[in-house]
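Got a structure for you, written out below as structure tokens; questions coming shortly.
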There are 2 protein chains.
Amino acid sequence: MTPDPRELLKGAGLRLTAPRLAVLEWLASHPHSTAEHVAEGVRERLGAVSTQAVYDVLNTCSRVALVRRIEPAGHPARYETRTGDDHHHLVCRRCGRAEDVDHVHGAAPCLEPSNSAGFAVDAAEVIFWGLCGDCRLPPRNEESSA
Amino acid sequence: MTPDPRELLKGAGLRLTAPRLAVLEWLASHPHSTAEHVAEGVRERLGAVSTQAVYDVLNTCSRVALVRRIEPAGHPARYETRTGDDHHHLVCRRCGRAEDVDHVHGAAPCLEPSNSAGFAVDAAEVIFWGLCGDCRLPPRNEESSA
DNA sequence: ACGTTTACTGGAACCAGTCAAGAAAGCGAC
DNA sequence: GTCGCTTTCTTGACTGGTTCCAGTAAACGT
């Protein structure tokens with residue numbers, strides 16, 4: 001898909017601004033970027049953009065479901081434009097890299113807790129933890145502790 | 001259950017100290033406490049204990065699997081002594097309160113990603129998000145569950 | 001009891017993310 | 001086109017949760 005960011009923003013009732021377009025375009029081609037990563041990418045395209053603007057765009061777009069935020073424990077948040085389907089994620093314990101995982105099980109059997117303890121559950125989040133290819137093979141990267 | 005903390009610590013090759021015992025005992029009776037919460041409880045029993053000591057105990061015990069750390073996005077980490085079984089959690093979006101969820105589905109169908117994208121997956125974490133009983137009823141209750 | 005090893009104290013630092021005030025830009029009306 | 005209201009961006013200080021550091025104190029084997 002990768003629909004026109006302009007359409008998306010308008011559809012969400014948001015103003016069309018350069019930082020917003022740049023953020024959405026960056027995320028479309030670089031899913032699972034961190035805020036800092038997004039900021040870098042946006043600055044490459046636009047010149048100077050404040051970190052705050054990036055956070056603001058990301059938060060605003062998260063609020064209207066144009067982007068989805070993933071917050072893996074122990075790592076900065078990551079963002080993606082693939083919303084709508086509740087796909088899950090694969091996250092590297094070491095470097096925090098994230099990849100999409102479609103849930104195959106038609107009925108999503110894990111989406112219903114056995115007992116909800118009085119909670120009104122509205123979502124189930126699944127994270128598969130492991131080591132990505134880059135992190136498990138070469139221990140020569142300076143961060144070889146783990 | 002609730003084995004003697006002394007045994008647990010010795011079994012893990014850790015020294016027996018008052019802060020450690022107090023932390024483990026507190027967690028046994030107050031699962032899903034935050035670090036700050038644990039610190040308060042420990043201080044009630046022991047008098048003065050530094051925040052760092054609490055973090056150190058929690059981290060050390062996490063490392064040897066005497067406690068498990070849960071880090072719900074947007075909320076401080078929570079700790080519990082129920083380790084070994086990979087049960088999941090129910091987390092309140094508003095107050096961060098966490099409850100245990102046993103996974104009923106014998107084969108744990110959600111523990112295998114459809115494609116692992118080159119990752120060596122070692123765990124699947126499931127968080128059910130929602131509102132706890134306290135938070136969804138009264139619209140004025142900001143944050144307090146203890 | 002002694003010395004070594006490990007843990008605790010207190011303080012400073014860290015990082016991702018947020019808040020606040022003002023300046024600038026978008027966009028609908030004229 | 002441009003006026004003016006409103007939203008959004010900039011700058012810069014700030015927070016909360018957690019960790020790092022250096023020094024002191026306590027645990028445990030002998």
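Chain A is the first sequence line, chain B the second, and so forth, proteins listed ahead of strands; every chain is numbered from 1. Bear in mind the structure is a predicted one, so any value in this text is a computation, not a measurement.
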Checklist entry - With distance as the sole test, does B/R68 use its side chain to make a donor-acceptor pair with the main-chain N or O of B/S62 at under 3.5 Å? => result no

d(A/E7 CD, A/L24 CG) to nearest 0.5 Å is 12.5 Å

Among C/dT6, C/dC27, D/dC9, the one nearest any side-chain atom of A/V57 is D/dC9

Note: for A/T51 and B/A18 on DNA chain D, the residue whose nearest nucleotide lies more 5' is A/T51

In whole angstroms, the gap separating C1' of C/dA24 from CZ of A/R20 amounts to 14 Å

Regarding the side chain of B/Y55, the nearest nucleotide among D/dT19, D/dT10, C/dT18 is D/dT19

Testing D/dG17, C/dC19, C/dA16 for proximity to the side chain of B/E36, the answer is D/dG17

Among D/dT11, C/dC8, C/dG17, the one nearest any side-chain atom of A/S50 is D/dT11

Of the candidates D/dT8, C/dG10, C/dG17, the side chain of B/Q52 sits closest to C/dG10

inquiry  = Is there a side-chain contact between B/N59 and the phosphate of D/dT19, meaning an N or O under 4.0 Å from OP1 or OP2?
reply    = yes

A/L21 atom CG is separated from C/dC27 atom C1', nearest whole Å, by 15 Å

Here the distance between atom C1' of C/dA7 and atom CG of B/L58, to the nearest Å, is 14 Å

Whole-Å distance, B/D56 CG to D/dC20 P, equals 10 Å

Out of C/dT18, D/dA26, C/dG26, minimum distance to the side chain of A/T17 belongs to C/dG26

Between CZ of A/R78 and P of C/dG17 the distance, given in whole Å, is 10 Å

**Prompt:** Are a donor atom and an acceptor atom from the side chains of B/R43 and B/T51 found within less than 3.5 Å of each other?
**Reply:** yes

**Asked** When the aromatic ring centroids of B/H89 and B/H32 are compared, is their separation below 6.0 Å?
**Response** yes

B/L9 atom CG is separated from C/dT6 atom P, nearest whole Å, by 15 Å

Taken to the nearest whole Å, CG/A/L46 to P/D/dT10 is 9 Å

Value for NE2 (B/H87) from CD1 (B/I70), rounded to nearest 0.5 Å, stands at 6.0 Å

Separation of C/dG28 atom C1' from A/L16 atom CG, nearest Å, is 15 Å

Between B/Y79 and B/R15, whichever has its closest DNA chain D nucleotide further toward 5' is B/Y79

